[in-house]
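Numbered from 1 within each chain, the chains take letters A, B, ... in sequence-line order.
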There are 2 protein chains.
Amino acid sequence: MSAPTLSVASWNINSVRLRMPQVARFLTENAPDVLCLQEIKCQEHLFPRQAFIDLGYEHIALTGQKGYHGVATVSRIPLREYARHDWQDNGEARHVGVELLGPGEGVILENVYIPAGGDLPDREKNPKFGQKLDFLERMTRWSEGIERPTLLVGDFNIAPLDCDVYDHKALLKVVSHTPIEVETLGRLQAAHDWVDLGRKHIPAPERNYTWWSYRTYWQGKDRGRRLDHMWASPDLAANSTGHKIAEHTREWEKPSDHVPIISEFAL
Amino acid sequence: MSAPTLSVASWNINSVRLRMPQVARFLTENAPDVLCLQEIKCQEHLFPRQAFIDLGYEHIALTGQKGYHGVATVSRIPLREYARHDWQDNGEARHVGVELLGPGEGVILENVYIPAGGDLPDREKNPKFGQKLDFLERMTRWSEGIERPTLLVGDFNIAPLDCDVYDHKALLKVVSHTPIEVETLGRLQAAHDWVDLGRKHIPAPERNYTWWSYRTYWQGKDRGRRLDHMWASPDLAANSTGHKIAEHTREWEKPSDHVPIISEFAL
DNA sequence: GTGATTTAAG
DNA sequence: CTTAAATCAC
(Lines give C-alpha, C1' and ligand atoms only; values in the text may rest on other atoms or scores of the structure.)
Protein backbone atom coordinates (compact mmCIF):
# COMPACT_ATOMS: atom_id res chain seq x y z
CA MET A 1 0.00 0.00 0.00
CA SER A 2 1.05 3.54 -0.79
CA ALA A 3 1.71 6.39 1.59
CA PRO A 4 -1.00 9.05 1.95
CA THR A 5 -0.74 11.89 -0.51
CA LEU A 6 -2.44 15.16 -1.33
CA SER A 7 -2.83 16.44 -4.85
CA VAL A 8 -3.83 19.96 -5.70
CA ALA A 9 -4.62 21.34 -9.14
CA SER A 10 -5.04 24.93 -10.33
CA TRP A 11 -6.66 26.07 -13.55
CA ASN A 12 -7.73 29.41 -14.95
CA ILE A 13 -10.87 28.08 -16.60
CA ASN A 14 -12.08 31.28 -18.33
CA SER A 15 -15.78 30.68 -17.58
CA VAL A 16 -16.61 27.68 -15.47
CA ARG A 17 -20.16 27.46 -16.80
CA LEU A 18 -19.07 27.31 -20.41
CA ARG A 19 -16.36 24.76 -19.69
CA MET A 20 -17.93 22.53 -17.08
CA PRO A 21 -17.72 19.50 -19.41
CA GLN A 22 -14.00 20.04 -19.72
CA VAL A 23 -13.60 20.49 -16.00
CA ALA A 24 -15.47 17.22 -15.49
CA ARG A 25 -13.19 15.47 -17.94
CA PHE A 26 -10.11 16.86 -16.22
CA LEU A 27 -11.31 15.80 -12.80
CA THR A 28 -12.26 12.36 -14.02
CA GLU A 29 -8.95 11.80 -15.74
CA ASN A 30 -6.70 13.32 -13.08
CA ALA A 31 -8.63 13.00 -9.84
CA PRO A 32 -6.85 15.71 -7.86
CA ASP A 33 -8.00 16.03 -4.27
CA VAL A 34 -8.52 19.74 -4.69
CA LEU A 35 -9.00 21.97 -7.71
CA CYS A 36 -8.54 25.72 -7.61
CA LEU A 37 -10.23 27.58 -10.42
CA GLN A 38 -9.72 31.16 -11.52
CA GLU A 39 -11.80 33.36 -13.80
CA ILE A 40 -14.95 31.44 -13.10
CA LYS A 41 -16.80 34.47 -14.53
CA CYS A 42 -20.02 33.99 -12.67
CA GLN A 43 -21.84 35.09 -9.60
CA GLU A 44 -21.83 32.68 -6.70
CA HIS A 45 -25.45 31.58 -7.13
CA LEU A 46 -24.73 30.65 -10.74
CA PHE A 47 -21.73 28.46 -9.96
CA PRO A 48 -22.39 24.88 -11.17
CA ARG A 49 -22.24 23.54 -7.64
CA GLN A 50 -24.24 20.38 -8.28
CA ALA A 51 -22.02 19.32 -11.15
CA PHE A 52 -19.03 19.39 -8.80
CA ILE A 53 -20.89 17.54 -6.10
CA ASP A 54 -21.85 14.87 -8.63
CA LEU A 55 -18.18 14.50 -9.47
CA GLY A 56 -17.31 14.00 -5.81
CA TYR A 57 -16.05 17.52 -5.16
CA GLU A 58 -18.62 18.43 -2.60
CA HIS A 59 -16.57 20.86 -0.51
CA ILE A 60 -16.64 24.22 -2.20
CA ALA A 61 -15.46 27.71 -1.36
CA LEU A 62 -15.86 30.46 -3.87
CA THR A 63 -16.08 34.13 -4.48
CA GLY A 64 -17.59 35.39 -7.69
CA GLN A 65 -18.98 38.39 -9.44
CA LYS A 66 -20.87 39.11 -12.61
CA GLY A 67 -18.95 38.67 -15.82
CA TYR A 68 -15.34 38.81 -14.70
CA HIS A 69 -12.79 37.34 -12.35
CA GLY A 70 -13.95 35.06 -9.57
CA VAL A 71 -12.19 32.08 -8.01
CA ALA A 72 -13.41 28.77 -6.64
CA THR A 73 -11.81 25.98 -4.68
CA VAL A 74 -13.53 22.60 -4.96
CA SER A 75 -12.41 19.61 -2.98
CA ARG A 76 -12.99 15.95 -2.28
CA ILE A 77 -11.66 16.49 1.21
CA PRO A 78 -13.40 18.66 3.76
CA LEU A 79 -12.31 22.24 4.01
CA ARG A 80 -13.20 25.38 5.84
CA GLU A 81 -13.27 28.76 4.21
CA TYR A 82 -10.57 30.80 5.87
CA ALA A 83 -10.39 34.20 4.21
CA ARG A 84 -11.27 36.34 1.24
CA HIS A 85 -8.58 38.92 0.79
CA ASP A 86 -9.35 42.02 -1.21
CA TRP A 87 -5.80 42.67 -2.31
CA GLN A 88 -7.21 44.70 -5.20
CA ASP A 89 -8.88 47.00 -2.64
CA ASN A 90 -11.95 47.48 -4.83
CA GLY A 91 -14.17 44.52 -4.03
CA GLU A 92 -13.21 42.37 -7.00
CA ALA A 93 -13.47 38.61 -6.44
CA ARG A 94 -9.87 37.49 -6.76
CA HIS A 95 -9.06 35.38 -3.76
CA VAL A 96 -10.42 32.65 -1.58
CA GLY A 97 -8.45 30.91 1.16
CA VAL A 98 -9.34 27.59 2.76
CA GLU A 99 -8.02 25.34 5.46
CA LEU A 100 -7.93 21.65 4.64
CA LEU A 101 -9.65 19.51 7.25
CA GLY A 102 -9.19 15.93 6.04
CA PRO A 103 -5.96 14.54 4.62
CA GLY A 104 -3.62 17.49 4.57
CA GLU A 105 -5.20 18.72 7.76
CA GLY A 106 -3.90 22.10 8.74
CA VAL A 107 -2.67 23.10 5.33
CA ILE A 108 -3.83 26.52 4.16
CA LEU A 109 -4.66 26.77 0.48
CA GLU A 110 -4.76 30.25 -1.01
CA ASN A 111 -6.36 30.54 -4.44
CA VAL A 112 -5.62 33.83 -6.18
CA TYR A 113 -6.22 35.54 -9.49
CA ILE A 114 -3.67 38.32 -9.75
CA PRO A 115 -4.75 41.15 -12.10
CA ALA A 116 -3.58 40.95 -15.70
CA GLY A 117 -2.54 44.58 -15.54
CA GLY A 118 -3.68 45.99 -18.86
CA ASP A 119 -1.59 46.53 -21.96
CA LEU A 120 0.82 49.35 -21.16
CA PRO A 121 3.49 48.69 -18.50
CA ASP A 122 3.16 52.20 -17.17
CA ARG A 123 1.53 53.25 -13.91
CA GLU A 124 0.73 56.71 -15.21
CA LYS A 125 -0.80 55.87 -18.55
CA ASN A 126 -2.38 52.61 -17.42
CA PRO A 127 -3.87 52.51 -13.92
CA LYS A 128 -4.40 48.78 -14.19
CA PHE A 129 -0.68 48.23 -14.26
CA GLY A 130 -0.34 50.17 -11.03
CA GLN A 131 -3.15 48.17 -9.49
CA LYS A 132 -1.31 44.97 -10.35
CA LEU A 133 1.86 46.14 -8.66
CA ASP A 134 -0.12 47.38 -5.64
CA PHE A 135 -1.87 44.02 -5.46
CA LEU A 136 1.50 42.31 -5.26
CA GLU A 137 2.67 44.71 -2.59
CA ARG A 138 -0.37 43.94 -0.46
CA MET A 139 0.29 40.25 -0.92
CA THR A 140 3.84 40.85 0.20
CA ARG A 141 2.73 42.54 3.41
CA TRP A 142 0.35 39.63 3.97
CA SER A 143 3.08 37.06 3.28
CA GLU A 144 5.26 38.49 6.02
CA GLY A 145 2.74 37.38 8.62
CA ILE A 146 2.09 33.82 7.53
CA GLU A 147 2.55 31.32 10.32
CA ARG A 148 1.02 28.13 8.98
CA PRO A 149 2.00 25.79 6.16
CA THR A 150 0.50 27.44 3.13
CA LEU A 151 0.09 26.68 -0.55
CA LEU A 152 -0.43 29.75 -2.70
CA VAL A 153 -1.77 28.86 -6.14
CA GLY A 154 -3.39 30.51 -9.07
CA ASP A 155 -3.00 32.68 -12.10
CA PHE A 156 -0.26 35.12 -11.15
CA ASN A 157 -0.25 36.74 -14.60
CA ILE A 158 3.53 37.01 -14.38
CA ALA A 159 6.16 34.84 -15.99
CA PRO A 160 9.14 35.50 -13.73
CA LEU A 161 12.07 33.67 -15.32
CA ASP A 162 13.65 34.33 -18.69
CA CYS A 163 12.80 30.77 -19.62
CA ASP A 164 9.18 31.21 -18.56
CA VAL A 165 8.38 32.87 -21.88
CA TYR A 166 9.01 31.87 -25.47
CA ASP A 167 11.15 34.97 -26.11
CA HIS A 168 12.60 36.80 -23.12
CA LYS A 169 13.96 39.79 -24.99
CA ALA A 170 10.81 40.31 -27.03
CA LEU A 171 8.65 40.29 -23.91
CA LEU A 172 10.65 42.65 -21.71
CA LYS A 173 8.14 45.39 -22.45
CA VAL A 174 5.10 43.15 -22.50
CA VAL A 175 2.97 43.12 -19.37
CA SER A 176 3.48 39.77 -17.60
CA HIS A 177 7.25 39.75 -18.10
CA THR A 178 8.47 43.30 -17.46
CA PRO A 179 11.38 43.76 -15.03
CA ILE A 180 9.24 45.77 -12.61
CA GLU A 181 6.68 42.98 -12.40
CA VAL A 182 9.35 40.33 -12.01
CA GLU A 183 11.05 42.33 -9.27
CA THR A 184 7.81 43.00 -7.45
CA LEU A 185 6.89 39.33 -7.62
CA GLY A 186 10.37 38.54 -6.38
CA ARG A 187 9.81 40.62 -3.25
CA LEU A 188 6.56 38.78 -2.66
CA GLN A 189 8.39 35.47 -2.98
CA ALA A 190 11.16 36.58 -0.63
CA ALA A 191 8.70 37.73 2.02
CA HIS A 192 7.87 34.17 2.98
CA ASP A 193 10.66 32.28 1.24
CA TRP A 194 7.95 30.84 -0.98
CA VAL A 195 9.13 27.80 -2.93
CA ASP A 196 8.15 27.83 -6.59
CA LEU A 197 7.02 24.23 -7.03
CA GLY A 198 6.88 24.50 -10.81
CA ARG A 199 10.58 25.18 -10.89
CA LYS A 200 11.42 22.85 -8.01
CA HIS A 201 10.19 19.93 -10.09
CA ILE A 202 10.73 21.23 -13.60
CA PRO A 203 14.01 23.11 -13.14
CA ALA A 204 14.86 26.09 -15.30
CA PRO A 205 15.50 26.39 -18.17
CA GLU A 206 13.13 23.56 -19.00
CA ARG A 207 10.02 24.56 -20.92
CA ASN A 208 7.17 25.05 -18.48
CA TYR A 209 4.36 27.09 -20.12
CA THR A 210 0.84 27.23 -18.73
CA TRP A 211 -0.77 29.80 -21.05
CA TRP A 212 -0.98 30.48 -24.76
CA SER A 213 -2.87 33.48 -26.13
CA TYR A 214 -6.02 32.80 -28.11
CA ARG A 215 -4.76 35.39 -30.56
CA THR A 216 -1.63 33.51 -31.60
CA TYR A 217 -2.11 29.88 -30.57
CA TRP A 218 -3.46 28.91 -33.99
CA GLN A 219 -0.11 29.90 -35.53
CA GLY A 220 1.43 26.86 -33.87
CA LYS A 221 4.57 28.71 -32.82
CA ASP A 222 4.43 27.66 -29.15
CA ARG A 223 4.36 31.22 -27.94
CA GLY A 224 3.64 30.22 -24.37
CA ARG A 225 4.23 31.79 -21.00
CA ARG A 226 4.31 30.41 -17.46
CA LEU A 227 1.67 32.54 -15.75
CA ASP A 228 0.18 29.96 -13.40
CA HIS A 229 2.02 29.00 -10.28
CA MET A 230 2.05 27.03 -7.08
CA TRP A 231 4.13 28.39 -4.28
CA ALA A 232 4.56 26.55 -1.00
CA SER A 233 5.75 27.56 2.42
CA PRO A 234 9.23 26.09 2.95
CA ASP A 235 7.98 23.46 5.40
CA LEU A 236 5.19 22.37 3.05
CA ALA A 237 7.48 22.45 0.03
CA ALA A 238 9.66 19.87 1.71
CA ASN A 239 6.79 17.43 1.27
CA SER A 240 6.10 18.20 -2.37
CA THR A 241 6.77 15.15 -4.51
CA GLY A 242 5.87 16.23 -8.00
CA HIS A 243 4.47 18.86 -10.31
CA LYS A 244 2.99 18.54 -13.75
CA ILE A 245 1.29 20.60 -16.41
CA ALA A 246 -1.77 19.20 -18.17
CA GLU A 247 -0.78 20.84 -21.42
CA HIS A 248 -2.91 18.58 -23.60
CA THR A 249 -6.08 20.35 -22.45
CA ARG A 250 -5.06 23.32 -24.62
CA GLU A 251 -5.89 21.11 -27.62
CA TRP A 252 -9.35 20.26 -26.40
CA GLU A 253 -12.41 21.63 -28.13
CA LYS A 254 -13.03 25.28 -27.19
CA PRO A 255 -10.31 25.29 -24.55
CA SER A 256 -9.34 27.77 -21.89
CA ASP A 257 -6.24 29.75 -22.78
CA HIS A 258 -4.67 28.39 -19.59
CA VAL A 259 -3.93 24.75 -18.77
CA PRO A 260 -4.10 23.07 -15.37
CA ILE A 261 -1.10 22.59 -13.15
CA ILE A 262 -1.00 19.82 -10.55
CA SER A 263 1.19 19.30 -7.49
CA GLU A 264 1.47 16.27 -5.30
CA PHE A 265 2.49 16.11 -1.67
CA ALA A 266 3.43 13.36 0.75
CA LEU A 267 1.57 13.57 4.02
CA MET B 1 -41.75 9.81 -67.23
CA SER B 2 -43.33 12.57 -65.18
CA ALA B 3 -44.52 15.96 -66.32
CA PRO B 4 -42.23 18.92 -65.63
CA THR B 5 -42.76 20.59 -62.29
CA LEU B 6 -41.49 23.53 -60.31
CA SER B 7 -41.11 23.46 -56.56
CA VAL B 8 -40.55 26.53 -54.45
CA ALA B 9 -39.80 26.64 -50.74
CA SER B 10 -39.82 29.54 -48.30
CA TRP B 11 -38.23 29.64 -44.85
CA ASN B 12 -37.56 32.35 -42.31
CA ILE B 13 -34.21 30.98 -41.25
CA ASN B 14 -33.35 33.43 -38.44
CA SER B 15 -29.64 33.69 -39.31
CA VAL B 16 -28.51 31.84 -42.40
CA ARG B 17 -24.92 31.64 -41.20
CA LEU B 18 -25.82 30.03 -37.90
CA ARG B 19 -28.17 27.56 -39.56
CA MET B 20 -26.44 26.71 -42.80
CA PRO B 21 -26.14 23.03 -41.76
CA GLN B 22 -29.90 22.87 -41.30
CA VAL B 23 -30.51 24.60 -44.60
CA ALA B 24 -28.25 22.06 -46.28
CA ARG B 25 -30.14 19.23 -44.67
CA PHE B 26 -33.47 20.68 -45.77
CA LEU B 27 -32.29 21.15 -49.34
CA THR B 28 -30.83 17.67 -49.48
CA GLU B 29 -33.95 16.04 -48.11
CA ASN B 30 -36.50 18.11 -50.04
CA ALA B 31 -34.69 19.27 -53.17
CA PRO B 32 -36.90 22.25 -54.01
CA ASP B 33 -35.96 24.04 -57.20
CA VAL B 34 -35.93 27.36 -55.43
CA LEU B 35 -35.63 28.35 -51.79
CA CYS B 36 -36.59 31.77 -50.49
CA LEU B 37 -35.04 32.70 -47.17
CA GLN B 38 -35.97 35.50 -44.81
CA GLU B 39 -34.10 36.96 -41.87
CA ILE B 40 -30.75 35.93 -43.23
CA LYS B 41 -29.27 38.44 -40.75
CA CYS B 42 -26.09 39.14 -42.63
CA GLN B 43 -24.59 41.54 -45.06
CA GLU B 44 -24.41 40.38 -48.63
CA HIS B 45 -20.66 39.73 -48.64
CA LEU B 46 -21.07 37.45 -45.62
CA PHE B 47 -23.79 35.30 -47.19
CA PRO B 48 -22.62 31.66 -47.39
CA ARG B 49 -22.74 31.71 -51.16
CA GLN B 50 -20.32 28.86 -51.72
CA ALA B 51 -22.25 26.51 -49.48
CA PHE B 52 -25.33 27.01 -51.65
CA ILE B 53 -23.35 26.57 -54.84
CA ASP B 54 -21.92 23.33 -53.47
CA LEU B 55 -25.48 22.15 -52.87
CA GLY B 56 -26.43 22.91 -56.46
CA TYR B 57 -28.16 26.21 -55.75
CA GLU B 58 -25.86 28.35 -57.77
CA HIS B 59 -28.30 31.06 -58.82
CA ILE B 60 -28.60 33.55 -56.02
CA ALA B 61 -30.28 36.89 -55.51
CA LEU B 62 -30.14 38.54 -52.14
CA THR B 63 -30.39 41.73 -50.21
CA GLY B 64 -28.90 41.89 -46.77
CA GLN B 65 -27.84 44.22 -44.02
CA LYS B 66 -25.92 43.99 -40.81
CA GLY B 67 -27.62 42.11 -38.01
CA TYR B 68 -31.27 42.14 -38.98
CA HIS B 69 -33.71 41.31 -41.73
CA GLY B 70 -32.38 40.41 -45.16
CA VAL B 71 -33.81 38.00 -47.73
CA ALA B 72 -32.21 35.63 -50.22
CA THR B 73 -33.52 33.56 -53.10
CA VAL B 74 -31.35 30.60 -54.07
CA SER B 75 -32.14 28.43 -57.04
CA ARG B 76 -31.11 25.42 -59.05
CA ILE B 77 -32.66 27.01 -62.11
CA PRO B 78 -31.33 30.18 -63.65
CA LEU B 79 -32.88 33.42 -62.56
CA ARG B 80 -32.53 37.10 -63.08
CA GLU B 81 -32.84 39.62 -60.30
CA TYR B 82 -35.85 41.71 -61.09
CA ALA B 83 -36.43 44.20 -58.31
CA ARG B 84 -35.70 45.19 -54.73
CA HIS B 85 -38.70 47.02 -53.39
CA ASP B 86 -38.26 49.23 -50.36
CA TRP B 87 -41.79 48.91 -49.11
CA GLN B 88 -40.54 49.90 -45.68
CA ASP B 89 -39.31 53.19 -47.17
CA ASN B 90 -36.25 53.26 -44.95
CA GLY B 91 -33.68 51.16 -46.77
CA GLU B 92 -34.21 47.95 -44.82
CA ALA B 93 -33.48 44.75 -46.76
CA ARG B 94 -36.89 43.09 -46.90
CA HIS B 95 -37.53 42.15 -50.49
CA VAL B 96 -35.92 40.64 -53.52
CA GLY B 97 -37.76 39.75 -56.71
CA VAL B 98 -36.49 37.44 -59.43
CA GLU B 99 -37.64 36.17 -62.79
CA LEU B 100 -37.16 32.48 -63.39
CA LEU B 101 -35.30 31.72 -66.60
CA GLY B 102 -35.23 27.93 -66.84
CA PRO B 103 -38.16 25.67 -66.06
CA GLY B 104 -40.90 28.02 -64.93
CA GLU B 105 -39.62 30.57 -67.43
CA GLY B 106 -41.40 33.84 -67.06
CA VAL B 107 -42.62 33.32 -63.53
CA ILE B 108 -41.88 36.19 -61.18
CA LEU B 109 -40.92 35.18 -57.66
CA GLU B 110 -41.22 37.82 -54.97
CA ASN B 111 -39.52 37.06 -51.65
CA VAL B 112 -40.61 39.33 -48.83
CA TYR B 113 -40.11 39.77 -45.11
CA ILE B 114 -42.99 41.87 -43.85
CA PRO B 115 -42.20 43.74 -40.60
CA ALA B 116 -43.13 42.06 -37.36
CA GLY B 117 -44.66 45.30 -36.16
CA GLY B 118 -43.54 45.53 -32.55
CA ASP B 119 -45.53 44.57 -29.48
CA LEU B 120 -48.33 47.11 -29.18
CA PRO B 121 -51.02 47.13 -31.91
CA ASP B 122 -51.21 50.89 -31.83
CA ARG B 123 -49.87 53.28 -34.45
CA GLU B 124 -49.47 56.08 -31.95
CA LYS B 125 -47.73 54.29 -29.16
CA ASN B 126 -45.77 51.93 -31.41
CA PRO B 127 -44.45 53.35 -34.68
CA LYS B 128 -43.44 49.89 -35.83
CA PHE B 129 -47.04 48.85 -35.99
CA GLY B 130 -47.80 51.78 -38.26
CA GLN B 131 -44.82 50.90 -40.44
CA LYS B 132 -46.17 47.39 -40.84
CA LEU B 133 -49.55 48.66 -41.99
CA ASP B 134 -47.91 51.19 -44.32
CA PHE B 135 -45.72 48.43 -45.71
CA LEU B 136 -48.84 46.44 -46.57
CA GLU B 137 -50.45 49.49 -48.17
CA ARG B 138 -47.43 49.99 -50.40
CA MET B 139 -47.57 46.33 -51.36
CA THR B 140 -51.23 46.78 -52.19
CA ARG B 141 -50.49 49.69 -54.55
CA TRP B 142 -47.76 47.58 -56.14
CA SER B 143 -50.09 44.57 -56.45
CA GLU B 144 -52.56 46.56 -58.48
CA GLY B 145 -50.06 46.88 -61.31
CA ILE B 146 -48.88 43.29 -61.61
CA GLU B 147 -49.10 41.97 -65.15
CA ARG B 148 -47.11 38.76 -65.08
CA PRO B 149 -47.66 35.43 -63.34
CA THR B 150 -46.24 36.03 -59.89
CA LEU B 151 -45.58 34.04 -56.77
CA LEU B 152 -45.37 36.13 -53.62
CA VAL B 153 -43.76 34.24 -50.77
CA GLY B 154 -42.26 34.89 -47.41
CA ASP B 155 -42.80 35.72 -43.78
CA PHE B 156 -45.89 37.94 -43.77
CA ASN B 157 -45.95 38.13 -39.97
CA ILE B 158 -49.73 37.93 -40.09
CA ALA B 159 -51.98 34.95 -39.43
CA PRO B 160 -55.14 35.99 -41.31
CA LEU B 161 -57.70 33.30 -40.54
CA ASP B 162 -59.20 32.45 -37.18
CA CYS B 163 -57.83 28.94 -37.62
CA ASP B 164 -54.36 30.27 -38.43
CA VAL B 165 -53.65 30.66 -34.73
CA TYR B 166 -53.96 28.33 -31.78
CA ASP B 167 -56.48 30.64 -30.05
CA HIS B 168 -58.29 33.22 -32.14
CA LYS B 169 -59.94 35.07 -29.30
CA ALA B 170 -56.82 35.24 -27.19
CA LEU B 171 -54.82 36.68 -30.08
CA LEU B 172 -57.19 39.39 -31.26
CA LYS B 173 -55.04 41.98 -29.51
CA VAL B 174 -51.73 40.34 -30.29
CA VAL B 175 -49.73 41.76 -33.17
CA SER B 176 -49.88 39.27 -36.07
CA HIS B 177 -53.60 38.54 -35.65
CA THR B 178 -55.32 41.87 -34.93
CA PRO B 179 -58.37 42.78 -37.04
CA ILE B 180 -56.62 45.82 -38.51
CA GLU B 181 -53.73 43.70 -39.73
CA VAL B 182 -56.03 41.02 -41.10
CA GLU B 183 -58.11 43.64 -42.92
CA THR B 184 -55.07 45.38 -44.33
CA LEU B 185 -53.68 42.08 -45.52
CA GLY B 186 -57.09 41.33 -47.00
CA ARG B 187 -56.94 44.47 -49.12
CA LEU B 188 -53.50 43.44 -50.32
CA GLN B 189 -54.86 40.04 -51.27
CA ALA B 190 -57.85 41.53 -53.08
CA ALA B 191 -55.70 43.92 -55.08
CA HIS B 192 -54.44 41.12 -57.31
CA ASP B 193 -56.84 38.34 -56.42
CA TRP B 194 -53.88 36.59 -54.85
CA VAL B 195 -54.55 32.90 -54.21
CA ASP B 196 -53.44 31.72 -50.78
CA LEU B 197 -51.81 28.41 -51.70
CA GLY B 198 -51.52 27.29 -48.11
CA ARG B 199 -55.28 27.34 -47.80
CA LYS B 200 -55.94 26.15 -51.34
CA HIS B 201 -54.23 22.88 -50.50
CA ILE B 202 -54.79 22.71 -46.76
CA PRO B 203 -58.31 24.14 -46.50
CA ALA B 204 -59.45 25.94 -43.41
CA PRO B 205 -59.99 25.09 -40.66
CA GLU B 206 -57.24 22.51 -40.90
CA ARG B 207 -54.21 23.17 -38.71
CA ASN B 208 -51.55 24.90 -40.77
CA TYR B 209 -48.99 26.59 -38.49
CA THR B 210 -45.56 27.73 -39.67
CA TRP B 211 -44.21 29.44 -36.55
CA TRP B 212 -43.94 28.75 -32.86
CA SER B 213 -42.42 31.28 -30.45
CA TYR B 214 -39.12 30.42 -28.84
CA ARG B 215 -40.64 31.74 -25.65
CA THR B 216 -43.38 29.14 -25.36
CA TYR B 217 -42.45 26.25 -27.66
CA TRP B 218 -40.87 24.32 -24.81
CA GLN B 219 -44.25 24.16 -23.06
CA GLY B 220 -45.38 21.75 -25.76
CA LYS B 221 -48.82 23.36 -26.10
CA ASP B 222 -48.70 23.75 -29.90
CA ARG B 223 -49.17 27.48 -29.68
CA GLY B 224 -48.48 27.97 -33.37
CA ARG B 225 -49.43 30.59 -35.91
CA ARG B 226 -49.48 30.60 -39.72
CA LEU B 227 -47.25 33.56 -40.48
CA ASP B 228 -45.52 32.30 -43.62
CA HIS B 229 -47.35 32.30 -46.88
CA MET B 230 -47.24 31.66 -50.59
CA TRP B 231 -49.62 33.66 -52.68
CA ALA B 232 -49.97 33.11 -56.44
CA SER B 233 -51.44 35.15 -59.25
CA PRO B 234 -54.70 33.48 -60.30
CA ASP B 235 -53.22 32.15 -63.55
CA LEU B 236 -50.22 30.68 -61.76
CA ALA B 237 -52.36 29.33 -58.92
CA ALA B 238 -54.24 27.27 -61.46
CA ASN B 239 -51.06 25.27 -61.95
CA SER B 240 -50.30 24.71 -58.27
CA THR B 241 -50.47 21.04 -57.44
CA GLY B 242 -49.54 20.86 -53.78
CA HIS B 243 -48.41 22.63 -50.66
CA LYS B 244 -46.74 21.27 -47.56
CA ILE B 245 -45.23 22.43 -44.30
CA ALA B 246 -41.92 20.95 -43.16
CA GLU B 247 -42.99 21.11 -39.55
CA HIS B 248 -40.48 18.53 -38.35
CA THR B 249 -37.62 21.03 -38.72
CA ARG B 250 -38.96 22.81 -35.62
CA GLU B 251 -37.71 19.81 -33.64
CA TRP B 252 -34.22 19.94 -35.05
CA GLU B 253 -31.29 21.00 -32.90
CA LYS B 254 -31.20 24.79 -32.42
CA PRO B 255 -34.02 25.40 -34.88
CA SER B 256 -35.42 28.52 -36.44
CA ASP B 257 -38.72 29.56 -34.91
CA HIS B 258 -40.24 29.27 -38.39
CA VAL B 259 -40.51 26.12 -40.52
CA PRO B 260 -40.27 25.85 -44.32
CA ILE B 261 -43.28 25.78 -46.57
CA ILE B 262 -43.13 24.20 -50.03
CA SER B 263 -45.36 24.53 -53.06
CA GLU B 264 -45.32 22.53 -56.23
CA PHE B 265 -46.47 23.57 -59.68
CA ALA B 266 -47.14 21.79 -62.96
CA LEU B 267 -45.49 23.50 -65.88
C1' DG C 1 -9.51 35.21 -30.30
C1' DT C 2 -12.77 34.34 -26.55
C1' DG C 3 -16.36 35.22 -23.11
C1' DA C 4 -19.94 37.95 -20.51
C1' DT C 5 -23.00 41.71 -20.78
C1' DT C 6 -26.21 44.83 -22.64
C1' DT C 7 -29.31 46.19 -26.02
C1' DA C 8 -32.30 45.76 -29.82
C1' DA C 9 -35.27 42.92 -32.23
C1' DG C 10 -38.10 38.96 -32.79
C1' DC D 1 -36.05 32.05 -25.54
C1' DT D 2 -32.94 33.33 -29.42
C1' DT D 3 -29.85 36.11 -32.45
C1' DA D 4 -26.51 39.86 -33.69
C1' DA D 5 -23.96 43.64 -32.39
C1' DA D 6 -21.38 46.58 -29.50
C1' DT D 7 -18.60 47.03 -25.42
C1' DC D 8 -15.25 45.69 -22.35
C1' DA D 9 -11.77 42.92 -20.37
C1' DC D 10 -8.37 39.51 -20.85
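A donor and an acceptor atom, one from each side chain of B:W87 and B:D134, are nowhere located under 3.5 Å apart. Side-chain N/O atoms of A:H69 and A:E39 include no donor and acceptor closer than 3.5 Å. At a cut-off of 3.5 Å, with distance as the only test, a side-chain donor of A:K41 or A:N14 sits close to an acceptor on the other residue. Side-chain contact check for B:Q38 and B:N111: at least one donor-acceptor pair (N or O, by modelled atom type) lies under 3.5 Å.
B:T73 is not listed as a side-chain neighbour of B:L62, based on a closest heavy-atom distance of 4.5 Å or more.
Both the sub-6.0 Å distance and the 45° axial angle are satisfied by A:R25 relative to the ring of A:W252. Under a cutoff of 6.0 Å and an axis angle of 45°, A:R250 and A:Y217 form a cation-pi pair.
Proximity of A:R94 to the phosphate of D:dC10: a side-chain N or O atom is located under 4.0 Å from OP1 or OP2.
Straight-line distance from the NE2 atom of B:H69 to the P atom of D:dT2: 21 Å, rounded to whole Å. In this structure, CG of A:D119 is placed 9 Å from C1' of D:dC10, rounded to the nearest angstrom. D:dT3 atom C1' lies 13 Å from atom CD1 of B:I13, rounded to whole Å. One interatomic measurement links the two molecules: NZ of A:K66 to C1' of D:dA9, which rounds to 16 Å at whole-angstrom precision. The CG atom of B:N12 sits 16 Å away from the P atom of D:dT2 (whole-angstrom rounding). Atom OH of A:Y113 is separated from atom P of D:dA9 by 12 Å (rounded to the nearest Å). The CZ-P distance, from B:R19 to D:dA4, rounds to 8 Å in whole Å. Summarising the geometry, the separation between CH2 on B:W212 and P on D:dT2 is reported as 16 Å, rounded to the nearest angstrom.
Heavy-atom distances under 4.0 Å link DNA chain D to no residue of residues 248-257 of chain A. Looking at residues 39-47 of chain B, you'll see B:K41 sit with a heavy atom under 4.0 Å from some atom of DNA chain D.
Here the side chain of A:H177 pairs a donor or acceptor atom with the backbone of A:A159 at under 3.5 angstrom. In this structure, A:T249 contributes its side chain and A:A246 its backbone to a donor-acceptor pair below 3.5 Å. Side-chain N or O atoms of B:R226 include none that pairs as donor or acceptor with a backbone N or O of B:T210 at under 3.5 Å.
Using a 4.0 Å heavy-atom cutoff across all strands shown, B:H258 reaches no nucleic acid atom at all.
Closest-nucleotide positions on DNA chain C for B:N157 and A:V16 were compared, and the one nearer the 5' end corresponds to A:V16.
Here the nucleotide nearest the side chain of B:L18, chosen from D:dT3, D:dA9, D:dT2, is D:dT3.
Between chain A and DNA chain C, the heavy-atom contact criterion of under 4.0 Å yields a 5' to 3' nucleotide range of C:dG1 to C:dT6.
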A:H258 and A:W11: CA distance, side-chain angles, deciding distance, ring pair (Phe, Tyr, Trp, His ring centres under 6.0 Å) verdict
CA-CA 7 Å; A:H258 293 253; A:W11 194 4; 9.9 Å; no
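Ring centroid separation for the pair A:Y113 and A:F156 does not come in under the 6.0 Å cut-off.
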